[in-house]
Amino acid sequence: MTTKTKNRNQRSKSPAKTGTNQFVYNVAKIRKDFPILKEKVHGKPLVYLDNAATTQKPLVVIETIDRFYSEYNSNIHRGLHLLSEKATAAYEAVRVTAQKFLNAADSKEIIFTRGTTEGINLVAQTWGRKNVKAGDEIIVSTMEHHSNIVPWQILCEEKGARLKVAPINDLGELILDELKGLFTDKTKLLSITHVSNALGTVNPIAEIIQYAHDRGVKVLVDGAQAVPHLSVDVRALDCDFYVLSGHKIYGPTGIGILYGKYALLDEMPPYQGGGDMIASVTFEKTLYKKPPYKFEAGTPHIAGVIGLGAALAYVSKIGLSHIAAHEHDLLMYGTKKLMELPGLQMIGQARFKAGVLSFTLGEIHPHDIGTILDRQGVAIRAGHHCAQPVMDRFQIPATARASLGLYNTREEIDALVKAVRKVQEVFH
Ligand SMILES: Cc1ncc(COP(=O)(O)O)c(C=O)c1O
């Protein structure tokens with residue numbers, strides 16, 4: 001990643017500074033915001049290191065949702081009564097919060113979805129079905145989550161288009177020259193992850209987007225694992241679409257965001273038909289609303305949107321640049337400590353990484369690692385992480401993956417390392 005790109009991607013939104021201009025990351029105070037971190041599992045203090053799967057929720061998110069249901073639960077956009085007005089205002093305010101969070105040009109470019117998976121499927125089924133024809137090509141990479149592979153396979157199968165795959169090197173980095181070599185005059189779309197969930201690799205997407213645009217190719221960025229760890233500016237990146245999941249950024253499950261450039265959204269056909277996405281309906285002809293409403297058919301996840309707004313505000317208040325610095329320290333510390341363990345192999349050693357420690361331990365199956373760690377209170381993920389092509393690339397069935405969040409500490413990394421030592425003792 002170039003310095004310019006790095007700066008763009010890590011732009012701080014809300015630098016919280018002390019009087020001496022020196023920010024102090026008070027992780028102990030932050031931890032108090034998360035009620036679940038006081039829980040014990042198997043009688044041991046919870047060490048939650050499965051943040052790439054889903055993050056825990058701060059009290060402000062829980063209380064915001066609670067307040068919605070307790071005080072102004074109502075359907076939106078339709079009612080003329082006060083509760084509906086309040087719910088509509090709160091829902092639409094989050095669109096503006098999200099616009100600012102991503103630095104989108106207009107809040108109309110923010111579409112609420114169920115999550116990253118739905119965002120990608122939406123683009124595949126609308127923009128994709130309209131623009132991709134037989135013989136066209138779509139490029140993805142080896143390190144994609146299944147949700148950024150399968151929707152394109154479905155589209156390619158339907159259209160007779162071709163899916164091309166950019167390879168990665170032994171460190172888990174994209175091989176840029178080979179990616180660039182895949183572009184032809186048939187290429188319509190590049191759909192690529194910003195940060196890999198299985199490896200932690202941070203891709204140089206600004207450079208890649210520029211390269212694609214120079215060839216007239218649109219770019220979708222899967223930001224599920226990026227937004228919790230680094231500041232994203234969709235205008236600086238100039239991506240065409242950017243997708244994310246609320247639950248991975250300390251918000252509720254079942255809610256996410258699709259950002260799209262307005263001109264593209266405006267030309268896209270609707271995704272689902274139903275209430276709230278229409279301007280008028282007759283049996284002769286139905287007219288659709290403009291974006292974003294055209295893509296939000298039916299009663300949406302109102303509580304989820306409102307909770308997501310609280311999560312984005314929470315993260316912004318701490319500041320992504322501070323979160324990134326804290327997690328980077330943990331990543332470096334954890335990498336060093338884990339790699340001191342005999343037989344441990346770190347899968348994914350990219351120069352630019354975020355929040356993921358994926359490893360194997362000789363012949364010990366990652367599921368056994370995960371189970372033994374769990375008995376010691378350490379929650380990690382073991383498996384293929386919905387990224388089977390990554391596992392195939394490294395010729396392994398699975399990894400054990402510890403993934404970091406803004407509330408993790410060096411002491412928790414020590415607990416992880418101690419627990420992995422225990423695994424080694426058990427299998428000695
Ligand atoms: C990189 C990446 N993309 C997409 C997804 C899918 O997210 P969701 O299941 O929230 O739709 C995930 C989830 O782990 C992910 O890590």
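Residues: numbered from 1 along the sequence shown. Read the numbers this way: they start at 1 and go in the same order the structure lists the ligands and their atoms. Predicted, not measured: the structure shown is a model, and the values here were computed from it.
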Going by the order shown, which atoms of ligand 1 are within less than 4.0 Å of some heavy atom of [X]?
{"X": "A224", "answer": "2 (C), 3 (N), 4 (C), 15 (C)"}
{"X": "S147", "answer": "3 (N), 4 (C), 5 (C), 6 (C)"}
{"X": "Q225", "answer": "1 (C), 14 (O), 15 (C), 16 (O)"}
{"X": "N197", "answer": "16 (O)"}
{"X": "S245", "answer": "7 (O), 8 (P), 10 (O), 11 (O)"}

Please state whether the rings of Y25 and H326 are parallel, tilted or perpendicular, taking 30° and 60° as the class boundaries.
parallel
Please determine if [X] and [Y] form a salt bridge, counting it only when a charged side-chain N lies under 4.0 Å from a carboxylate O.
{"X": "D266", "Y": "K290", "value": "yes"}
{"X": "R95", "Y": "E109", "value": "no"}
{"X": "D170", "Y": "R393", "value": "yes"}
{"X": "K188", "Y": "D136", "value": "yes"}

Answer yes or no: are there more than 12 heavy-atom neighbours, outside [X] itself, under 6.0 Å from its atom [atom1]?
{"X": "E340", "atom1": "CD", "value": "yes"}
{"X": "K186", "atom1": "NZ", "value": "no"}
{"X": "K422", "atom1": "NZ", "value": "no"}

Does at least one non-hydrogen atom of C386 fall below 4.0 angstrom from an atom of ligand 1?
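So C386 does not count as touching ligand 1.
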Using heavy atoms and a 4.0 Å limit, tell me yes or no: is N148 in contact with ligand 1?
no
Has ligand 1 got any nitrogen or oxygen that is less than 3.5 angstrom from a nitrogen or oxygen of T193?
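So ligand 1 has no N or O lying under 3.5 Å from an N or O of T193.
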Counting only nitrogen or oxygen atoms and a 3.5 angstrom limit, does K248 reach ligand 1?
yes
Select one of side chain, backbone, both or neither to describe which atoms of T117 lie under 4.0 Å from any atom of ligand 1, heavy atoms only.
both
Part of H247 with heavy atoms under 4.0 Å of ligand 1, whether side chain, backbone, both or neither:
side chain
Closest to atom 1 (C) of ligand 1 among D222, V243, L244, I149 (heavy-atom distance)
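Going through D222, V243, L244, I149 one by one, D222 has the nearest heavy atom to atom 1 (C) of ligand 1.
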Honestly, is R215 close enough over Y211, meaning NZ or CZ under 6.0 Å from the six-membered ring centre and within 45° of the axis?
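The answer is yes; both the distance and angle limits are met.
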Looking at atom 15 (C) of ligand 1, what's its closest protein heavy atom, distance included?
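The closest one turns out to be H145 CD2, 3.3 Å.
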